[in-house]
Amino acid sequence: MAKKGWSRPPMTKERLRNQFRSLIGNPFNVIVFITLLLLFTLIIIPLLAMVQNTFVVAKSELRNIPGAKIGDYTLWYWKYLLASPLTKTILWVPLRNSLIIGAFVTVVSVPLGALMAWLMVRTDIPGKKLLSALILIPYMIPSWCKALSWMTIFRNPKMGGNGVLTSLGIPVPDWLSSGFIPIIIVMTMHYYAFSYIMASGALRSINSELEEMGEIQGATKAQILKSITLPLILPSILSATIMTISKSIGTYGVAARLGGNNPDGTPFYVLATRMKDFINNSPKGVGYAMSLLMILLAAGTIIVNQKLIGTRKSYATIGGKGTRSNLIPLRGAKYPMLIVISVFLVIAMVMPVFFLVMESFQIVPGAGYGPDNLTLYAWIGELQSAPNPAFNQNGLFKNSEFARALGNTVKLSLIASLITAVFGQFFGYITTRGRGKWYGNMVEQLIFIPYLMPGVAFSAIYFSMFSQPRLGGLIPSLYGTFTLILLVSIVKHFPFASRSGSSNMMQISVELEEAASINGAGFWRRIRSIVIPLAKNGFLSGFLLSFISIAKELDLIAILMTPKNYTLSFLAFDYSKEAMPQVADAICIVIIVFILVTNRIADKFGGNVSKSM
């Protein structure tokens, strides 16, 4: 309330000019303004453009909408999706399949990851250092590579040939070769890592004295786990649950390879595979409408998470360490639990890689591993000497498509990861220094939007935005260019890089910058001399997570691919559909080695994927 007899000075042009100069004279304010403008341009505008495309007549649909003209307003796409004779086939059945897969993957993978986290962090299980490193490796193996490995083992004639079991005379039922069961198992062996990473971070922050006090009061280990440990890590578990549901519902590659056909012979669809069919073919507007429904579905799971744990940042984990952390003795269960984890790692890590390697040396997949069925063709062969007519390409190291795809992958992964990690540090700086202020909250909210969207749906936004020139050519058509794939890869990974940046900046005390400012250091000098050196490890962690995700990415780029821009992931996926699983397997091995070597190098410099999420 204003004091009696005092009135606010009038807002004159001179005063307004001075305030504006003061505002833009502060580099931090300029960075905030540029950041908000950038995020609005890269996230909000493309999303609105896709929404618009679901209500505007496209040229390809003129014959389906009598009397319509290009650009006219229409509800035809939404009616086709929601209220047509095909609605059950194109929407409700794929939606049901996606929800079933998401539910089962979550119910299995989240407790599995949390249990392994508890064993690694809070118990005296032997070999923890080695096991902790190995447990994350299955996450680094692309999920669609695991799908190819599953086909190598369980393929039956209905899936296009014989797998290992069929070649041994062991019949493989259709439900084990394709459909719900294989998709759920493969996704579970991949997405348990989310729960493991988040739960292990939360468990490290718990002071073990809390559990010891419960034990002193006579509580059993089961009661302590249920009444003390679980409630403390519940926010992280719920966050992992939401992340797992969103990822499994929106996954394209695994469902596309293992979906197969329904018992009635019709193709098995989930939302992601059905949406991609519409966008790549027609009507594209229906595909855009379906992607919006996928986004709303993911957003709904986030809202549930907010209500349950009272926080908006569902991808955040609990940071820091407890004051004491005493290990819980497993006693007689120590070695049985070690055996269980070892068996799981063999199934989730060793077997997929082993069978991919072995099939890459076969002439005819599923025809055994005798000397007469082994060859190096998939690696170094030339087409004129192909031992199998199904081969229609040279082996990897003599294949120009592979060389181009390898170059595209390295270029995309390096450039996108570096840019994403740099932006992530700036985003983290703004959100931590602006905590509780409107601009800090606004940046957090905008950055969070890509997290809500499954990869296929997110790329559909950019496909819609840049498939044709807009605003009189001010926004160019980028479809078919490397620039569009790079842009999508960068923006999609903003949330994770920002998470790493925020964790980083929260550990850098504001007092350090204030002391430097008192001594006359300007904004950019403080950034250069204080923030950047202290942010090195967080930068490497953000870079590593982005690099691994982009290097193995398939879902995000599947809609945007053209032959000249193929990455290793899409090339392998394409070859697997062309009856060349041996070459596709060989490419998977190259991707896995590429990711593991990068991870090892980053570890040497302080990067850690588990600290990036």
Checklist line | Beyond-backbone contact of Thr273 with Lys276, side-chain heavy atoms, under 4.5 angstrom | finding: no
Notebook entry, point to check: Any sub-3.5 Å donor-acceptor pair from Ser149's side-chain atoms to Cys145's backbone N or O?
Noted result: no
Next item on the list: Mind listing the closest non-hydrogen atom pair of Ser489 and His493 along with its distance?
Entry: O-ND1, 2.7 Å
Next item on the list: Return the minimal non-hydrogen interatomic distance between Met187 and Val254, and the atom names on each side.
Entry: CE-CB, 4.2 Å
Check: Could you state the interatomic distance from CG (Leu414) to OG1 (Thr409), rounded to the nearest 0.5 Å?
Finding: 10.5 Å
Note to self: Do Thr420 and Lys492 make a side-chain contact, defined as non-hydrogen atoms from C-beta onward lying under 4.5 Å apart?
What the structure shows: no
Checklist line | Side chain Asn97, main chain Val270, donor-acceptor under 3.5 Å | finding: no
Next item on the list: Working to the nearest 0.5 Å, report the span between CG of Leu48 and CE of Met465.
Entry: 9.0 Å
Note to self: With heavy-atom distances below 4.5 Å as the criterion, would you say the side chains of Trp144 and Leu148 are in contact?
What the structure shows: yes
Next item on the list: Would you check if the side chain of Trp150 reaches a backbone N or O of Leu176 as a donor-acceptor pair within less than 3.5 Å?
Entry: yes
Notebook entry, point to check: Between Leu36 and Val443, is a side chain to side chain contact (heavy atoms under 4.5 Å, CB included) present by the stated rule, with each step listed?
Noted result: CA-CA 6 Å; Leu36 290 172; Val443 169; 3.7 Å; yes
Checklist line | Residue pair Ile559 / Tyr252, side-chain heavy-atom distance below 4.5 Å | finding: no
Next item on the list: Please round to the nearest 0.5 Å and tell me the distance separating atom OG of Ser464 and atom CG of Leu47.
Entry: 9.5 Å
Checklist line | Considering all heavy atoms, the nearest Asp555-Thr251 contact | finding: OD2-CA, 3.2 Å
Item checked: side chain to side chain contact (heavy atoms under 4.5 Å, CB included) assessment of Val346 paired with Met351 -> CA-CA 6 Å; Val346 168; Met351 288 181 61; 4.1 Å; yes
Notebook entry, point to check: Do Leu338 and Leu131 have side chains that get closer than 4.5 Å, going by heavy atoms?
Noted result: yes
Margin query: Looking at every non-hydrogen atom in both residues, tell me the closest pair between Ser546 and Ser417 and how far apart they are.
Written below: C-OG, 3.5 Å
Next item on the list: Heavy atoms only: give me the nearest Met50-Ile295 pair and the separation to one decimal.
Entry: CE-CD1, 4.3 Å
Notebook entry, point to check: Do side-chain atoms of Ser459 reach the backbone of Val456 as a donor and acceptor pair under 3.5 angstrom?
Noted result: yes
Check: Would the number of heavy atoms belonging to other residues, nucleotides or ligands and lying under 6.0 Å from CZ of Phe426 be above 12?
Finding: no
Margin query: For Phe154, is there any backbone N or O sitting under 3.5 Å from a side-chain donor or acceptor partner on Ser177?
Written below: yes
Next item on the list: Report the C-alpha separation of Val108 and Ile184 in whole Å, then their side-chain angles, then the decisive distance to 0.1 Å, and conclude whether the side chain to side chain contact (heavy atoms under 4.5 Å, CB included) test is met.
Entry: CA-CA 9 Å; Val108 178; Ile184 291 170; 5.5 Å; no
Next item on the list: Supply the atom-to-atom distance Leu554 CG to Thr567 OG1, rounded to the nearest 0.5 angstrom.
Entry: 7.5 Å
Notebook entry, point to check: Is the closest side-chain heavy-atom distance between Leu330 and Asp124 below 4.5 Å?
Noted result: yes
Next item on the list: Classify the ring geometry between Phe423 and Phe494 as parallel (under 30°), tilted (30 to 60°) or perpendicular (over 60°).
Entry: tilted
Next item on the list: Verify, without hydrogens or angle tests, whether His190 (side chain) and Ile141 (backbone) share a donor-acceptor contact under 3.5 angstrom.
Entry: yes
Next item on the list: Please answer whether the main-chain N or O of Tyr429 pairs with a side-chain N or O of Thr432 as donor and acceptor at a distance below 3.5 Å.
Entry: yes
Notebook entry, point to check: Is the distance between the ring centroids of Tyr288 and Phe278 under 6.0 Å?
Noted result: no
Next item on the list: Could you tell me how the ring of Phe344 sits relative to the ring of Tyr192: parallel (under 30°), tilted (30 to 60°) or perpendicular (over 60°)?
Entry: perpendicular
Notebook entry, point to check: Can you name the nearest heavy-atom pair linking Thr106 to Pro111, along with the distance?
Noted result: O-CD, 3.6 Å
Item checked: Under 3.5 Å: donor-acceptor pair, side chain of Arg257, backbone of Ser576 -> yes
Next item on the list: Please tell me if the side chains of Val488 and Ile557 come closer than 4.5 Å, counting only heavy atoms from C-beta onward.
Entry: no
Next item on the list: Would you confirm whether Lys552, through its side chain, and Tyr139, through its main-chain N or O, come within 3.5 Å as a donor-acceptor pair?
Entry: yes
Next item on the list: Please test Leu484 against Tyr462 for side chain to side chain contact (heavy atoms under 4.5 Å, CB included), starting from the C-alpha separation and ending with a verdict.
Entry: CA-CA 8 Å; Leu484 181 57; Tyr462 276 75; 4.0 Å; yes
Check: Would a 4.5 Å heavy-atom cut-off, applied to side chains only, mark Val107 and Phe104 as touching?
Finding: no
Notebook entry, point to check: Can you tell me how far CZ of Phe268 sits from CZ of Phe180, rounded to the nearest 0.5 angstrom?
Noted result: 4.0 Å
Note to self: Let me confirm one number: the OG1-CD1 distance from Thr188 to Ile101, rounded to the nearest 0.5 Å.
What the structure shows: 10.5 Å
Check: Do Lys247 and Tyr191 meet the cation-pi criteria used here (NZ or CZ under 6.0 Å from the six-membered ring centre, within 45° of the axis)?
Finding: no
Note to self: Under a 3.5 Å distance rule, please check whether Ser248 uses its side chain to pair with a backbone N or O of Val105 as donor and acceptor.
What the structure shows: no
Check: For Met337, does the CE atom sit with more than 12 other heavy atoms under 6.0 Å from it, leaving out its own atoms?
Finding: yes
